[in-house]
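Below you'll find the structure, written out as structure tokens, and then a few comments.
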Amino acid sequence: MIGMTEHKKFMKMAIDLAKENILGPLGGPFGAVIVRDGVVIGKGVNKVTANHDPTAHAEVEAIRDACKNLGTFQLDGCVIYSSCEPCPMCLGAIYWARPDAIFYASDREDAASAEFDDSFIYLEIGKDPASRRIPTRQIMRKESLEIFDEWMKKTNKKKY
């Protein structure tokens with residue numbers, strides 16, 4: 001079992017990645033490390049502006065790296081260390097990856113004070129889709145349900 005000294009060591013790695021990332025012109029102040037059995041198996045830094053990719057947050061980049069290194073899409077047995085509390089998108093990705101735990105350093109209020117405010121997303125998620133700031137409408141549900149019917153009939157599907 002990992003003790004607090006080890007947790008702090010891995011969190012320092014995530015924080016150091018964030019510090020290194022802002023030395024360049026396009027890096028955001030976020031870093032993440034994923035650990036399994038005391039070994040770092042994935043790392044990520046914020047590459048949103050560098051890659052022109054709004055999903056290139058540190059946690060998502062670390063998940064991609066760890067999954068590639070492990071050859072799987074699940075991170076059971078792993079712990080994620082993030083320099084900041086994961087945003088709603090990253091939290092969703094983390095839950096899909098299914099690690100055992102998440103540790104974070106700064107929180108969403110700290111990020112907001114540094115002009116990384118995602119509070120509006122938390123508010124939007126709770127709204128009825130038709131009431132969201134970005135218009136969200138459902139169409140062609142019946143046609144799309146046919147795909148789920150076919151999925152349910154498959155005998156060789158890999159569940160996730």
Side-chain angles (χ1 to χ4, degrees), residues 2-127 129 131-138 144 147 158-160:
I2 295 178
M4 191 51 67
T5 300
E6 287 290 297
H7 289 308
K8 287 181 178 181
K9 175 181 91 172
F10 294 124
M11 182 59 75
K12 183 176 181 331
M13 287 181 189
I15 292 169
D16 287 347
L17 283 171
K19 284 180 188 176
E20 290 170 22
N21 202 45
I22 63 170
L23 296 177
L26 299 176
F30 303 97
V33 174
I34 300 178
V35 176
R36 179 187 269 175
D37 298 325
V39 177
V40 174
I41 55 151
K43 295 179 183 180
V45 294
N46 183 284
K47 297 180 181 178
V48 170
T49 55
N51 289 0
H52 307 288
D53 179 356
T55 69
H57 289 200
E59 297 90 339
V60 172
E61 292 292 309
I63 289 168
R64 290 172 179 156
D65 187 39
C67 288
K68 179 180 153 198
N69 290 333
L70 292 175
T72 183
F73 57 90
Q74 302 258 275
L75 296 176
D76 50 297
C78 296
V79 177
I80 296 180
Y81 299 88
S82 179
S83 64
C84 187
E85 179 181 1
C87 75
M89 177 189 69
C90 292
L91 192 58
I94 289 167
Y95 270 82
W96 278 114
R98 295 180 178 93
D100 288 359
I102 307 165
F103 285 81
Y104 65 90
S106 55
D107 62 26
R108 66 180 88 166
E109 288 82 19
D110 299 322
S113 69
E115 300 178 345
F116 292 95
D117 190 358
D118 55 11
S119 61
F120 76 96
I121 299 172
Y122 287 98
L123 295 173
E124 288 288 299
I125 289 171
K127 292 181 182 177
S131 301
R132 293 180 182 150
R133 182 164 42 175
I134 297 175
T136 306
R137 306 292 183 261
Q138 184 178 28
S144 71
I147 300 165
K158 182 161 178 116
K159 292 184 179 183
Y160 57 97

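Given the structure is predicted, the values throughout are model-derived calculations rather than measurements.
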Looking at side-chain heavy atoms only, is the closest gap between Ile125 and Pro88 below 4.5 Å?
-> yes
Nearest non-hydrogen partners of Arg64 and Thr55, listed with the distance | NH2-OG1, 3.3 Å
Sub-4.5 Å side-chain heavy-atom contact between Pro29 and Phe116 = yes
Among all residues two or more places apart in sequence or in another chain, which pass the ring pair (Phe, Tyr, Trp, His ring centres under 6.0 Å) test with Tyr95?
-> none
All heavy atoms of Ala18 vs all of Gly31, minimum pair found to be CB-N, 3.5 Å
Here the gap from Ile63 atom CD1 to Phe73 atom CZ, rounded to the nearest 0.5 Å, amounts to 13.5 Å
Looking at side-chain heavy atoms only, is the closest gap between Arg98 and Asp76 below 4.5 Å?
-> no
May I ask you to test the Ile34-Asp65 pair for a side-chain heavy-atom distance under 4.5 Å?
-> no
CD1 of Ile102 to OG of Ser82, rounded to nearest 0.5 Å, is 9.0 Å
How long is the span from the CG atom in Leu123 to the CG atom in Asp118, to the nearest 0.5 Å?
-> 10.0 Å
Taking atom OH of Tyr160 and atom CH2 of Trp96, what is their separation to the nearest 0.5 Å?
-> 7.0 Å
More than 12 heavy atoms from other groups under 6.0 Å of NZ on Lys8 = no
At their closest point, which heavy atom of Asn51 faces which heavy atom of Ala56, and how far apart are they?
-> ND2-CB, 4.5 Å
After noting the C-alpha distance and the side-chain angles of Cys87 and Ile121, does the key distance pass the side chain to side chain contact (heavy atoms under 4.5 Å, CB included) rule?
-> CA-CA 9 Å; Cys87 75; Ile121 299 172; over 6 Å; no
Please round to the nearest 0.5 Å and tell me the distance separating atom CG of Leu17 and atom CG of Asn46.
-> 12.0 Å
Taking only residues two or more places apart in sequence or in another chain, which ones pass ring pair (Phe, Tyr, Trp, His ring centres under 6.0 Å) with Phe10?
-> Tyr81
Of the non-hydrogen atoms in Asn21 and Gly28, which two are nearest, and what is the gap between them?
-> ND2-O, 2.8 Å
Nearest heavy-atom contact between Leu91 and Pro86 is N-CB, 4.0 Å
Is there side-chain contact between Val79 and Glu6, with at least one heavy-atom pair below 4.5 Å?
-> no
Shortest non-hydrogen pair, Pro129 vs Arg137, comes out as O-NH1, 4.4 Å
Atom OG in Ser144, atom CD in Gln138: separation rounded to 0.5 Å?
-> 7.5 Å
Sub-3.5 Å donor-acceptor pair from the side chain of Ser83 to the main-chain atoms of Ala105, do we have one?
-> no
